[in-house]
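Input: a single structure, listed below in structure tokens.
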Amino acid sequence: MLLTQVLPAAVLSVISLGVDPSPGWEAQAEMDPAAGLPDNFAVTLATLVAVLVGGSLLIGLVQAVGWAAGSWVITQQATGRPASLDAALRYGLRRALGLWGWTLLVSVLIGIGFCFCVLPGIYLAFALSLAGPVYLFERQNPIGRSFGMFHARLGLLLGRVAVVGGAVIVGTVVPGFLESVGTGALGTDPFASPGAAVGVVAVIGVAALLALPAHLVQLIGLLVTYTEQRAHEGPVNSAGLAAELG
């Protein structure tokens with residue numbers, strides 16, 4: 001999680017802050033309030049969007065490596081088998097592309113749901129929360145299986161996923177707020193001087209590190225919820241689940 005969730009998130013935050021054109025736009029507006037759009041507005045905006053979207057997609061792929069690797073480690077530990085970092089990452093790399101693709105599809109569906117008065121998006125976020133583990137263990141129909149598992153024991157899974165989601169929200173919002181306050185205290189253009197640049201990188205790094213427990217809670221909470229539901233569907237044990245992972 002540290003290598004595949006925390007570090008990429010910190011890198012993207014630093015890059016995003018570095019390419020953010022708003023300080024220059026604000027300075028130009030203060031100098032000439034009657035001026036129109038800033039110079040090269042369209043090109044600068046397109047560059048910013050490309051960096052944010054491209055960076056998010058790339059980091060999503062790296063995070064998929066971590067999700068697959070982390071699931072493998074937890075399952076191996078449950079069987080009492082050794083789980084080294086290099087073996088975990090090799091497994092994660094092997095399964096990352098497929099997991100990343102399904103995660104993108106789930107994200108799009110949830111985003112569409114939020115466009116319809118928010119509640120459909122919240123419902124889809126809950127109903128599709130187990131799509132990742134389903135893909136890793138069963139390799140087929142992650143969306144349909146996640147829906148089926150969620151509704152099969154609606155009350156229990158709703159409570160479990162709500163607890164996990166609440167912990168993740170708190171665990172990410174608080175570091176995000178601290179990062180915003182810390183970077184804001186360093187001025188509108190923190191990369192204008194070496195000292196401020198070092199300070200902003202340190203603030204972003206600490207904030208990303210503080211979000212590490214949220215990543216762990218999400219991974220472990222959803223994985224345990226999935227395996228418990230599998231146990232209610234039929235006989236299953238850790239060895240069998242480990243064999244399914246491959």
Side-chain angles (χ1 to χ4, degrees), residues 3-67 93 96-118 120-122 124-125 128 131-132 168-169 172-173 175-211 214-215:
L3 292 174
T4 62
Q5 316 292 320
V6 172
L7 183 59
V11 170
L12 181 60
S13 293
V14 171
I15 294 175
S16 300
L17 193 60
V19 300
D20 183 8
S22 56
W25 291 347
E26 292 175 4
Q28 183 175 340
E30 290 177 359
M31 293 176 58
D32 186 5
L37 293 176
D39 298 334
N40 299 320
F41 175 80
V43 175
T44 304
L45 183 61
T47 301
L48 177 62
V49 171
V51 169
L52 293 177
V53 173
S56 298
L57 290 174
L58 180 60
I59 284 180
L61 180 58
V62 176
Q63 290 176 333
V65 174
W67 271 87
L93 287 169
L97 192 59
L99 180 60
W100 179 61
W102 283 108
T103 301
L104 287 178
L105 179 57
V106 167
S107 299
V108 169
L109 292 175
I110 294 173
I112 293 173
F114 272 104
C115 292
F116 292 92
C117 301
V118 178
I122 296 175
L124 288 173
L128 298 176
V168 170
I169 290 173
T172 53
V173 168
F177 173 76
L178 295 176
E179 178 183 326
S180 177
V181 172
T183 55
L186 295 170
T188 57
D189 189 7
F191 292 100
S193 67
V198 171
V200 76
V201 171
V203 168
I204 291 174
V206 171
L209 188 60
L210 290 175
H215 297 299

Rounded distance [0.5 Å steps], CG in Leu209 versus CG in Leu7: 10.5 Å
Expected output: side-chain Ser13 to main-chain Ala9 donor-acceptor under 3.5 Å: yes
Heavy-atom pair of closest approach, residues Leu99 and Ala64: CD2-O, 3.6 Å
Heavy-atom pair with the smallest gap, counting every atom of Leu186 and Ala196: CD1-O, 3.9 Å
Working for side-chain contact (heavy atoms from CB on, under 4.5 Å), residues Thr47 and Val19: CA-CA 8 Å; Thr47 301; Val19 300; 5.8 Å; no
Heavy-atom pair with the smallest gap, counting every atom of Pro175 and Ala207: CB-O, 3.3 Å
Nearest heavy atoms of Gly55 and Leu12, plus distance in Å: CA-CD1, 4.0 Å
Test log, rule side-chain contact (heavy atoms from CB on, under 4.5 Å), inputs Leu61 and Leu57: CA-CA 6 Å; Leu61 180 58; Leu57 290 174; over 6 Å; no
Side-chain donor/acceptor of Gln5 to backbone N/O of Gln63, under 3.5 Å: yes
Heavy-atom pair of closest approach, residues Gly60 and Trp100: C-CD1, 3.3 Å
Leu104 atom CG, neighbour heavy-atom count above 12 within 6.0 Å: yes
Nearest non-hydrogen partners of Thr4 and Val62, listed with the distance: CB-O, 3.5 Å
Interatomic spacing from CH2 in Trp102 to CG in Leu128 - rounded to 0.5 Å: 10.5 Å
